[in-house]
Amino acid sequence: MLLKDESDERAVGGPAGGRSPNTNLSPERVEGEQIGEIMDESGMSEDSDKNRLLDSQDSGKIFLYPESAARFPFKTADRLLDDILHDLSFINSGDHSILYSDLSNGILKSSVLAYSRKIGQTRAYNLGSLVDQVVLQTKFEYGSVSCPQHNHLQVFMGVLIDVTQQNVATFNNLAALPIFHVKVTVKTRDVLERTKKKVGITHYHFLDESELHPYDKQDLLTFDSKDPQLLDYAIYVSSDSNKLILIEIFKPEFDSQEERDAFKEDSINSRYEMACKRFDSLDSTKVPTQPDCINTLFKIFKGPLNRKSSEEPRKTINPDNISLNSHIDPTWLTSKYGFELHVEKDEETGEEILEYAPPDLTNYHRDWKVRRLRESFTRKCLELIFFGRVSIRLLSQDAINRNPKVYRIFSMMQTNFSTMFWFQLLGEYRAVFNTESGSLLDSDHHFIDLSACYNYIDKDIIRNYETQCSLDPENIGVYVDALNFIANRKGAYQLIAYCGKQDYVGQEALDHALSVFQIDSKEFDPHNLNEGVLLSIYKNESVSTRNPNRHADLKSSLRLLAKFKKSSKLKFYADYEPYRNVTQAYEILEVDESVDDDIIQTAYTVKVNDAPGLKLDCDRALYTVAIHARSLMLFNFLMQQSADFLEYFGPDKFSYQDALSFLQVNENVGDDTILEIFQHRWYKEPVFDPDQFLDLKSALSKIGLERNSKLISHFIDTGIVDASCIPVENWPTGLNNIGNTCYLNSLLQYYFSISSLRQYVLDYRNTVQHFLDNQDYASRRIGGREVTGAEVERSVQFVYQLRDLFSSMIHSQERCVTPRKELAYLAFVPSGLGVEFELPITSQTNMNVPAEKENYVNIDSEPSPPPNDEPLLIDFDDDENIHGSQLNKHSNGDYKSGEFGSDKAAVNDVDISMAGNDIGEEKAVNVDSESSENNFNKAAAMNTSTRVAKISSDQLENALEMGRQQDVTECIGNVLFQLESASDPISLGDDHEQNDLVKQLFYGNIKQNIIPLKNETQVRTKYERFLSLLVNIGDHPKDIYDALDLYFRDEYLKMEEYGDVKRAVAVTDFPTILQIQIQRVYYDRERLMPFKSVAPLPFNETIYMDRYSDTDNSVLINRKIETEKLLGELNGLKARQRELLSKNNLGLSRKGALIETSNFLKSDVLESQNIRIEKKTDLAQQLDKIVSEIDRELSQLYHGITQLESKISHQFDDFKSIGYSLFAVFIHRGEASYGHYWIYIKDRHKSGIWRKYNDETITEVPENEVFNFSEGNTATPYFLVYVKQGHEHEIEPLKRELEVL
């Protein structure tokens, strides 16, 4: 027997549970013995304080920690339990990030944020406890010293074992297994628990040892924060009932290396071998097992714990005990475990006997030092129990058979690895009876941050969140992240709704947003980041990426930063940033991209009224379209509809000086110049920032308000420059309509805008005599025919008239001038008809002829007003009947072209009439029939300037009527012929064709090859000049390129001389000014009347003519051949499509006829008529099958046509060496037999604005008015004019040099 009783009484085990038998000892006795120590530890050194504490007693009904809810950190029971399980992993961690931080001391006292992201990388220890409290009591309940009536303490002792080392394979491994200890003391205040306990999850707040109340210190006598065995500890108190929790984690009791080695097999064998030498009774073959040694040591420590009182004799151990010496090192009893070596006398023999006497542990209720030692013995026993239970699993069956007692002892000791005790200890009955297993999400750091578990109800999670935010406001962002994560993972509506109401930004979300902006949150405090910097980064990053996911990240990050900084400016930009694809904006507004601004405004209004919840989307869409169209009107409408835009981009955004600086002008500059600069920046600058338009508008509005400028205000309101507010010298001159001259006025404005032609006319000083004297000019030809003297005379007079008009347009103080009747007459009347002019008479006062000075005309003289009996004929009617003409090609290959495309410009005009010349009654006679005397007199008078034409009023009226009925191209041809006839030839061709400025500007050369198909080597080539290219709208081209393709496509003809031939056309020389005539007037042979096609023909502002050139570029030639093959394939597909979709005389297509037939066969009509058809069902099914095949073929045809058209449209994208820029568009509104003409001309010198020249009225127009390709628009282009790239500077619509009065 290892233990020897000092009396005959047998050892009795401790109580099974409940309160200790000695708990009824008077607490006052304990107070009297130890209160001094307690007060000294609490810092109460004054005698009065000691006396007050001795005289008072805890009632158990008051809060000892009334401010406990304000203590940080706070944790829940679940969080505290998880901390206990992971604490040792942090203490024993080798991770540098933990090892060199406060976490290496444990996490019990740490805030959850300190370790929540690391705890998932650590392992949880197993918490073991002893179920059998008879063998060893590890659960205690004590009455409170300070308030035994109402307060009590519960103590739990258990072990912590590393789960990765539990399944040891050998005894030696087991010997190295560390078993740590945990002790939990819970002090419950029963009265407060019953009256103050709150429903839901209890919050426990950290309490520093120094803050521990003296009453509670009396009950925690064994706690010593300086205990070397103590690894970590923490004190927490509940916020509702002040329940106190003390958690202590201790080192293993057998922690020295020699103690661990003592249980290894080599040590056991060595020790037993030495014992065999000492004790002959030992069998050297019966070496004790590891469980034997553990059991012996367990009984040594268990004996003192079983002693009930000091009156019982202590059980001592004989130093010569065989089991003692063979199983352990007996000297450890005195050197390590507190035993004493006593000398006892044998009563019978009187011999002195040495005995190991254990310490007296019975007075543990009164003496806290004894209690501490007793707890140490209890931990040793508990540790040995768990060692033993693991060790017996390693025994072989033979070993068990040799000593079954030890195996049975440890097998019967009931242990448990469960955390159920924890919630019982804390009275958390919600967990005790909750059968729902923990979620894996409980270990996620978001749940840890809120001390929450997945099974918590929403209300408790929200309360945890609010508590964390109030206690730790610096990390609100982290708690917001946690709450959002939990809400989304749980899918809880209440949580999600609550999250939506939070005006905070999560830290994770903030860090991510900053990282998206490439900002390191560790280097820059996000609170100090300027919103302008953030917006600049966002814009730059958005422009540089085409990845939609990247842009979505940027957008969401901007929204989050706006919320974090509470920046309404950032939020505004995030809300209203334009769509990256303008098509999306049009789709939201449910309009086509070709519609006008007013339609877009209407669509917006309807959409917002129908779906008010989509207003923000509609605002964004409207903003996007406004930017895309650069429409000032849409921006005005946007600011009317959205107060946010007005707030951030109203006139008050800039000061007056800042507005001037933004537009880069000084305060002395005129309003019209400011508008010019504004328009250049508005229409021409690339869109580098969507806000640039709003900033420009804001700056201009500020300047307009400060200056009280009518011009600027009108422009901002309408988007149109009010020409009446612009100085005359800064706006083009309009032309009054003198009767059916609207298209002539358009033509004159067009020629005026060509600076080289205008300057040539202004400098013109030739006379008829000049041409008569030069014999080399006698053989010259224009348009393939000789020029008569009469034609020269009228041509010179025509140029004089044109010169005077151009001079008036430049120098007049008025906003519009009136062309002379002679000019209109000479322009309309065919050049072949001679016109007689009066000789100059200086005494005449009714002639509008400038006085001569050194044989030159005084172009600055003001013409006299018309006589009262000769009123001007000014056409203000847009529906003035003007004959729409069909343009045909001359037999010699030249084109009579009368319709020109124009660029747009905006101008206002004032109706100021200029007089025409008095017209005599004399009839015009043929100049060639004059006598030689008359010829001499006329020759002498040739040095004068403009002269009165001898035409009557009837002749003039007839000419104007002729202008109404005349083909427009006839007028153009007439004008250009007279310009050439009055011009000196630069050179003469082999055919004596005159080369002059007109030819250089307007004419090109075409090469025509006739290639016999039977012998392609016999090519016949012909070169022709062309004035314009005729495209036919009747061929239904989809755009201008398609129309030109049809013009230049190869034609297959049959010729008598060659048989079947191919006719190929290409341009050898391109003109400086390329004129494209659009054929719109056709003849209806059924109704016997002309009609006008208003089909739209989209055209580009820039076109490239490389594909139509005569070239030796092999790549371009091959591309043409390839395109021709693609066109052939496309035409084949379209022909097949037309065939399938064509309808019979009943109006049914092939598919429709088959469907009707199938339905007929499926009906009962045939049966009702007693008509029987064999296999009727099969026939109907066969027809249905054919219908399906037709549908499939039509689908294939559609996709094939679409793909081919797309490919063909991009065939020549790489060929852009011959480029032309649009600068004029001639417009006709009306029908074939009547209508009105005007012209759009682009002014590249004035920010590229378009002006509309409508007789005397000149206005600025938006670009979309010029490029209006909507269906049904009767204001259609009939002449497009392009200038070769590199020559754009030659187009100068605005030329004004006012006379000094």
Q1079 side chain to V1081 main-chain N or O, any donor-acceptor pair under 3.5 Å? yes
With rounding to the nearest 0.5 Å, note down the distance linking CG in D671 to SG in C725. 9.0 Å
Using a 4.5 Å cut-off on heavy atoms from C-beta on, say whether the side chain of E822 contacts that of Q797. no
Between H1236 and N1254, does the side-chain contact (heavy atoms from CB on, under 4.5 Å) criterion hold? Intermediate values first, please. CA-CA 9 Å; H1236 181 63; N1254 186 8; 2.6 Å; yes
Rounding to 0.5 Å, atoms CD1 (I972) and OH (Y743) come to a distance of 9.0 Å
Answer yes or no: is there a donor N or O on one side and an acceptor on the other, between the side chain of R1244 and the main chain of E1288, under 3.5 Å? no
Quick check for you: to the nearest 0.5 Å, what is the distance between I810 atom CD1 and E729 atom CD? 14.0 Å
Do S983 and D996 pair up side chain to side chain, a donor and an acceptor below 3.5 Å, judged on atom types alone? no
Validation row: R765, H770 side chains within 4.5 angstrom (heavy atoms): no
Heavy-atom donor-acceptor pair, S807 side chain to R803 backbone, under 3.5 Å: no
Got a sec, which residues hit side-chain contact (heavy atoms from CB on, under 4.5 Å) with N1273, two or more places apart in sequence or on another chain? N1268, S1270, A1275
For E1271, all residues meeting salt bridge (charged side-chain N to carboxylate O under 4.0 Å, His left out), sequence neighbours excluded: none
Six-ring centre of Y825, K821 cation under 6.0 angstrom, axis tolerance 45°: no
If you take all heavy atoms of P1277 and I1078, which pair is closest and at what distance? O-CD1, 3.7 Å
Distance, nearest 0.5 Å, that separates CE of M1105 from CG of L1029: 5.5 Å
Carefully, step by step, assess R758 and I754 under the rule side-chain contact (heavy atoms from CB on, under 4.5 Å). CA-CA 6 Å; R758 179 183 66 230; I754 304 171; over 6 Å; no
Can you spot which of E1290, H1289, K1295 makes a side-chain contact (heavy atoms from CB on, under 4.5 Å) with E1292? K1295
side-chain contact (heavy atoms from CB on, under 4.5 Å) partner of I1076, chosen from I1103, V1281, L1030, L1222: I1103
Interatomic distance, CD@Q679 vs CZ@F715, rounded to 0.5 Å, equals 4.5 Å
Output yes when a side-chain donor or acceptor of Q1285 lies under 3.5 Å from a complementary backbone atom of I1218, and no otherwise. no
Within-4.5 Å side-chain heavy-atom neighbours: T741 and P819: no
Just verifying a value: how many Å separate Q978 CD and I782 CD1, rounded to the nearest 0.5 Å? 10.5 Å
Which heavy atom of L826 sits nearest a heavy atom of N974, and at what distance? O-ND2, 3.1 Å
Going by heavy atoms in the side chains, are Y751 and V975 under 4.5 Å from each other? yes
State, with a plain yes or no, whether a side-chain heavy atom of V817 is found less than 4.5 Å away from one of L735. yes
If you take all heavy atoms of N1100 and Y1282, which pair is closest and at what distance? O-OH, 2.8 Å
Could you report the tightest heavy-atom contact between Y1220 and T1072, atom names first, then the distance? CE2-O, 3.7 Å
Under 4.5 Å between any side-chain heavy atoms of F1026 and L1074, yes or no? yes
Hey, does the side chain of H714 reach the backbone of I720 with a donor-acceptor pair shorter than 3.5 angstrom? yes
The test is side-chain contact (heavy atoms from CB on, under 4.5 Å); show your working for W1238 and C742 and say whether it passes. CA-CA 7 Å; W1238 68 82; C742 53; over 6 Å; no
Is the shortest distance from a Lys or Arg side-chain nitrogen in E676 or K1246 to a carboxylate oxygen in the other one below 4.0 Å? yes
So does S746 get a backbone contact from the side chain of Y1237, meaning a donor-acceptor N/O pair under 3.5 Å? no
Using a distance-only test with no angle check, is there a side-chain donor-acceptor pair under 3.5 angstrom linking S981 and E791? no
Please answer whether the main-chain N or O of S1093 pairs with a side-chain N or O of R1080 as donor and acceptor at a distance below 3.5 Å. yes
Given 3.5 Å as the limit, does a donor-acceptor pair link the side chain of K1092 with the main chain of T1274, or not? yes
Donor-acceptor check, side chain of S753 to backbone of Y750, threshold 3.5 angstrom: yes or no? yes
Could you check V1266 against I1227 for side-chain contact (heavy atoms from CB on, under 4.5 Å), going step by step and ending with a plain yes or no? CA-CA 9 Å; V1266 181; I1227 299 293; over 6 Å; no
If you look at every heavy atom in P1037 and L1097, which pair is closest and at what distance? CG-CD1, 3.6 Å
Does the R1025 side chain pair with the main chain of K999, one donor and one acceptor, at a distance under 3.5 Å? no
Is there side-chain contact between Y764 and V796, with heavy atoms separated by less than 4.5 Å? yes
Would a 4.5 Å heavy-atom cut-off, applied to side chains only, mark Y760 and L979 as touching? no
Give me the ring orientation class for F1269 and F1099: parallel if the planes are under 30° apart, tilted from 30 to 60°, perpendicular past 60°. perpendicular
For F752 versus P1293, what's the shortest heavy-atom pair and its separation? CE2-O, 3.6 Å
